[in-house]
Amino acid sequence: MLTLWTLLCCMMGLTLCYQRQSVNNNNNNNNHNNADEKQTHLPPSHYPHGHKWNEPYFDLTMPRNITSLVGKSAYLGCRVKHLGNKTVAWIRHRDLHILTVGTYTYTTDQRFQTSYHRDIEEWTLQIKWAQQRDAGVYECQISTQPVRSYSVNLNIVVPTATILGGPDLYVDKGSTINLTCIIKFSPEPPTHIFWYHQDKVLSEETAGGRLKFKTIKSEETKSILLIYDADLLHSGKYSCYPSNTEIASIRVHVLQGERPEAMQTNAAPAAVGLAWAGPCHTKQPAQAVKVISTMVAAFVLLQACRTLLLQATTTATAAQVEAAPPEPEQTAETHNSSSSARTQRTYTSADHVNRSSAIAR
């Protein structure tokens with residue numbers, strides 16, 4: 001009996017120990033699962049637009065405006081997080097044409113291709129030999145329901161070159177010719193810039209120290225050509241030819257015996273003479289023509305004022321003559337007529353008095 005009771009107590013103890021161990025294991029498993037969930041789930045603010053943690057979304061820090069040089073390759077980036085089993089496609093917005101799906105090119109224009117960079121989860125659309133017609137909006141789309149899109153605007157710029165002071169520049173013999181070529185709208189500076197005089201390339205080595213080149217690279221690249229002690233042989237056409245744009249030209253005129261400052265500040269007769277001398281002997285023939293036009297206009301204005309003044313004087317004189325009363329003319333005949341009238345009136349009065357006296361008697 002005692003042995004049976006001892007065996008029963010041992011079995012009850014073993015049961016209680018098993019139950020306690022099971023509870024502890026369950027608690028440990030729950031704690032371990034909670035820890036995994038805290039490590040797996042990120043704060044809601046990490047996901048834009050309230051997306052769930054396992055849904056794909058775009059990296060909104062990618063640039064939305066891309067500028068590329070015409071003739072070069074343009075690159076449009078799109079980063080997608082948690083893509084999963086979804087696909088990424090690039091769409092041209094203006095005609096809704098599918099360009100690429102994944103890394104497969106979906107158009108006959110083989111200038112378009114997409115590459116995937118796994119380490120940064122970026123899908124990059126490359127447009128080779130970009131042209132101006134390629135400018136516009138492109139959309140990176142994820143094949144979700146509904147479809148999610150990220151728009152990128154592509155700008156294609158054409159660099160231009162301009163020489164300051166053109167199209168004609170007049171300098172004095174013996175002075176320094178200063179030509180500045182500015183390259184605008186270029187995302188990257190040109191690799192080289194050549195200067196031409198007529199059809200000959202200019203070089204410092206062959207100029208005997210009379211030429212100097214200087215290049216300033218910034219937002220707008222500048223190339224400066226200096227020609228010291230200018231001679232008549234330095235007249236002609238100069239061209240700036242950057243590696244990434246069209247050529248720009250200017251025509252230089254080297255003058256002998258006439259300073260440009262004097263031609264700009266002479267009096268009117270001198271300006272008239274220079275204007276008739278022709279463009280070969282004056283720096284600014286248009287300025288002389290302008291002086292002549294001003295003189296003619298002033299002369300016409302003076303003549304008009306003089307005519308108006310004469311008309312006003314004539315009108316005033318005529319008005320005064322009409323306003324004055326006419327003066328009576330005292331002639332001898334008129335005087336005699338007046339005296340006879342007075343004598344006749346005197347006699348008539350006397351006769352009247354005599355007649356009255358006769359009637360009274």
Any side-chain heavy-atom pair from [X] and [Y] closer than 4.5 angstrom?
| X | Y | value |
| --- | --- | --- |
| Leu232 | Gln256 | yes |
| Asn244 | Ile183 | yes |
| Leu83 | Val88 | yes |
| Tyr106 | Leu99 | no |
| Ile156 | Gln131 | no |
| Ile127 | Tyr138 | yes |
| Arg251 | Pro167 | no |
| Leu211 | Trp195 | no |

Quiz item: Would a line drawn from the ring center of Phe58 to the ring center of Tyr150 be shorter than 6.0 Å?
Solution: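 Close enough - the centres of the two rings lie under 6.0 Å apart.
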Distance (rounded to the nearest 0.5 Å) between [X] [atom1] and [Y] [atom2]:
| X | Y | atom1 | atom2 | value |
| --- | --- | --- | --- | --- |
| Ser239 | Leu225 | OG | CG | 11.0 Å |
| Ile66 | Leu125 | CD1 | CG | 11.0 Å |
| Tyr238 | Tyr196 | OH | OH | 15.0 Å |
| Phe112 | Ile98 | CZ | CD1 | 13.5 Å |
| Ile216 | Thr221 | CD1 | OG1 | 10.0 Å |
| Ile227 | Thr176 | CD1 | OG1 | 9.5 Å |

Self-check item: Joint cluster assignment, Leu233 & Leu179, ILVMFWY side-chain distance < 4.5 Å
Solution: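 In one cluster with Leu233: Leu179, no.
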Quiz item: When clusters are formed by joining ILVMFWY residues with side-chain heavy atoms under 4.5 Å apart, either directly or through shared neighbours, do Ile163 and Tyr241 land in the same one?
Solution: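 Different hydrophobic clusters.
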Check: [X]/[Y] side-chain N/O donor and acceptor closer than 3.5 Å:
| X | Y | result |
| --- | --- | --- |
| Thr87 | Ser143 | yes |
| Thr124 | Ser115 | no |
| Thr61 | Asp59 | yes |
| His93 | Glu139 | yes |

Over all heavy atoms of both residues, which pair between [X] and [Y] is shortest? Give the atoms and the distance, please.
| X | Y | answer |
| --- | --- | --- |
| Lys237 | Ser249 | CE-OG, 3.4 Å |
| Gly136 | Asn153 | O-OD1, 3.2 Å |
| Ile193 | Cys240 | CG2-SG, 3.8 Å |
| Val254 | Lys173 | CG1-CA, 3.8 Å |
| Leu154 | Ala74 | CD1-CB, 3.9 Å |
| Ser73 | Lys128 | OG-CA, 3.8 Å |

Practice problem: Decide side chain to side chain contact (heavy atoms under 4.5 Å, CB included) for Asp229 and Arg210; before the verdict, give the C-alpha distance in whole Å, the side-chain angles of both, and the deciding distance to 0.1 Å. | Solution: CA-CA 7 Å; Asp229 192 16; Arg210 300 180 72 174; 3.9 Å; yes
Determine whether more than 12 heavy atoms belonging to other residues, nucleotides or ligands lie under 6.0 Å from atom [atom1] of [X].
| X | atom1 | answer |
| --- | --- | --- |
| Tyr116 | OH | yes |
| Lys81 | NZ | yes |
| Gln198 | CD | yes |

Exercise. Given side chain to side chain donor-acceptor pair (under 3.5 Å), test Thr103 with Thr114 step by step and report yes or no.
Key: CA-CA 5 Å; Thr103 57; Thr114 296; over 6 Å; no
Any Lys/Arg nitrogen of [X] or [Y] sitting under 4.0 Å from an Asp/Glu carboxylate oxygen of the other?
| X | Y | result |
| --- | --- | --- |
| Arg148 | Glu55 | yes |
| Arg79 | Glu121 | no |
| Glu204 | Lys212 | no |

Quiz prompt | Asp134 and Arg92: CA distance, side-chain angles, deciding distance, salt bridge (Lys or Arg N to Asp or Glu O under 4.0 Å) verdict | solution = CA-CA 9 Å; Asp134 295 324; Arg92 187 166 53 201; 5.2 Å; no
Exercise. Tell me, with the steps shown, if Leu164 and Asn178 meet side chain to side chain contact (heavy atoms under 4.5 Å, CB included).
Key: CA-CA 9 Å; Leu164 300 180; Asn178 186 342; over 6 Å; no
Quiz prompt | Steps toward side chain to side chain contact (heavy atoms under 4.5 Å, CB included) verdict (Gln132, Val158) | solution = CA-CA 8 Å; Gln132 287 183 289; Val158 180; 3.4 Å; yes
Quiz item: What do the steps show when you test Met62 against Cys78 for side chain to side chain contact (heavy atoms under 4.5 Å, CB included), and what is the final call?
Solution: CA-CA 7 Å; Met62 295 296 292; Cys78 175; over 6 Å; no
